[in-house]
Amino acid sequence: MAKEITSRAENYSQWYNDIVKKAGLADNSAVRGCMVIKPYGYAIWENMKDQLDRMFKDTGHVNAYFPLFIPKSFLSKEAQHVEGFAKECAVVTHHRLMNDPAGHGVIVDPAAKLEEELIVRPTSETIIWHTYKDWIQSYRDLPLLINQWANVVRWEMRTRPFLRTAEFLWQEGHTAHATAAEAMAEARLIHDVYAEFAEQYMAMPVIKGYKSENERFAGADETFTIEALMQDGKALQAGTSHFLGQNFAKAFDVTFLNDKNESDYVWATSWGVSTRLVGGLIMTHSDDDGLVLPPRLAPIQVVIVPIPKPEPELLEKAEQIAGLLKSMGIRVKIDMDETKRPGFKFAEYEMKGIPVRLGLGKRDLEQNVIEVARRDTKEKMSVSLDRIDSFVQSLLSDIQASLLQKAKDFRTEYTTEVENYDQFKEVIEDKGGFVSCHWDGTTETELKIKEDTKATLRCIPVDAVEEQGKCIYSGKPSNKRVIFAKAY
RNA sequence: CGGGGCAUAGCGCAGUCCGGUUAGCGCACUUGGUUUGGGACCAAGGGGUCGCAGGUUCGAAUCCUGCUGCCCCGACCA
């Protein structure tokens, strides 16, 4: 089969594309900029989705579903918002096709033009706030804590599987609150949920921060972000949570009566993570042999390969081991395919990033042992069958922890504090990674740096320590460090 | 939207410069057999409007014109 993948050193983006394709995560589709998410890739997303959904519900949220289409007029009600998304919207103009009179298949029926064009949602704030107006009258209706799992479309010029596609899957939470403080607390709560998910489930360390005015979501007063660092030294915005103030409430006239019978506009948040997380997962852990998955999100955590081939005796043993592991909640697959040899299977499962492989060999079995191979380190161990269940269970949590630690170490190594602009440019250019430095707080400086170096202001860390310093660009005083990087 | 490349079997490619039998190779696929502790081997098969539309020619995958799609690199973005 010879499914070799390009090495990271040779061509990082080709390496990424090879993994997506050869691990069976996604295919290019017939539609430009859109991908087909294949079952294995979708299974990873489902695991992410299931966990996030639990976390949202544990924090009091419920799911609902709003329409794919948004009347064009809605989008223009919030000035910042429309400005942010106008350039990348798909628009529905007609509702019918007809046979081409010239005989070339079908054409759009010119008589079926819509009176008001519909926008395919790039995000749902507008349609949701239009709806919330009817749902909210009193402070007793608040808070409204709703999430939806949906697809959205942003007509991107350049796309990459999972990282940036024209259509993507995500969740978007939209909440309404009686006070600014409560809405802000909600935005921060979700920010915490995202960070916990990234670290504890994806084993992807993130910097929690807030965005500069320039990088803020279109229509938000504050945007919280989790920023991850990929192996090529580029930053990935992995999730955002926005405090929307009263902007959408004012745009859509959503008011409520408080307990003093006074009318006020509602305070809002919105927050989302998308299938982009799958891209982040790939680029955080994988190596030149293929995908590496953290056990908590791996669709298959353990694969059992009979050696040299499936035989009744081996299968019986495999079923027995699989039964033990499954009873502990471990996701196990037994590979009974007789047409492929063990070596082929080993390579294949390494490509697919399955955390633990059990090589159930005839000769090993005679000695009551089994070969255990871990994907992340490639280490192989011979383990007694008597304690295989507990061994595998603790190995899975070791792998999960080890992946996180390794990613943290990488981030530490590629986070550089700089004190002046020359150092800044040198690090951005040669080393990459996060650059921690002083900034004068102005959009002007931020844009100049971006223009000069292609590095963007990723975030102002929430836990930044107070420290007097000078802006690397303007020399003006600054009281905390911020994070710059080249980003996806 | 700029710059570069590519389009031939499911995938990867050769053939195109210099037109000429029946369009070929590797992988994959089907069947049979032999194998089997790190990507097995042998044999026999199936699979193609050579991206699309015109044109030149006795004859076009090959030459000419136009179109379309995709990939890579840049500017915009989760």
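Chain identifiers are assigned alphabetically (A, B, ...) following the order of the sequence lines, protein sequences preceding nucleic acid strands; residue numbering begins at 1 within each chain.
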Using the C1' atom in both, what is the distance from B/A9 to B/G51, to the nearest Å? 15 Å
In whole angstrom, give me the gap between the P atoms of B/G26 and B/A43. 11 Å
Taking salt bridge (Lys or Arg N to Asp or Glu O under 4.0 Å) as the definition, give me every residue that meets it alongside A/Glu311, ordered by chain and number, with sequence neighbours left out. A/Lys362
Who pairs with B/A40 - Watson-Crick or G-U, where each distance is under 3.5 Å: B/U34
Per-pair distances, 0.1 Å, donor-acceptor, side chain in residues 77-85 of chain A, under 3.5 Å, sequence neighbours excluded:
from	atom 1	to	atom 2	distance (Å)
A/Glu78	OE1	A/Gln80	N	3.1
A/Glu78	OE1	A/His81	N	2.9
A/His81	ND1	A/Ala218	O	3.0

Between CG of A/Asp27 and C1' of B/G12 the distance, given in whole Å, is 15 Å
Interatomic distance, A/Lys486 NZ vs B/C73 P [rounded to whole Å]: 14 Å
By the 4.0 Å heavy-atom rule, please label A/Gln237 as base, sugar-phosphate, or nothing. sugar-phosphate
Under the salt bridge (Lys or Arg N to Asp or Glu O under 4.0 Å) test, residues paired with A/Glu444 that sit two or more places apart: A/Lys448
What pairs meet the ring pair (Phe, Tyr, Trp, His ring centres under 6.0 Å) rule with one or both residues in residues 271-294 of chain A, with sequence neighbours excluded? A/Phe56-A/Trp271, A/His61-A/Trp271
If the C1' atom of B/C29 is compared with that of B/C11, how far apart are they to the nearest Å? 12 Å
Filter on salt bridge (Lys or Arg N to Asp or Glu O under 4.0 Å), then keep only pairs touching residues 193-209 of chain A, sequence neighbours left out; what's left? A/Asp192-A/Lys208
B/G38 base / A/Lys380 side chain donor-acceptor hit below 3.5 Å: yes
Under-3.5 Å N/O pairs linking protein and nucleotides 69-71 of chain B:
from	atom 1	to	atom 2	distance (Å)
B/C70	OP2	A/Arg32	NH1	3.3

Gap in Å between the two C1' atoms, one belonging to B/G59 and one to B/C67, rounded: 26 Å
Gap between atoms NZ and P, on A/Lys362 and B/U36 respectively (whole Å): 11 Å
Taking NZ, NE, NH1 and NH2 as the nitrogens, is one of them in A/Glu167 or A/Arg154 under 4.0 Å from a carboxylate oxygen of the other? no
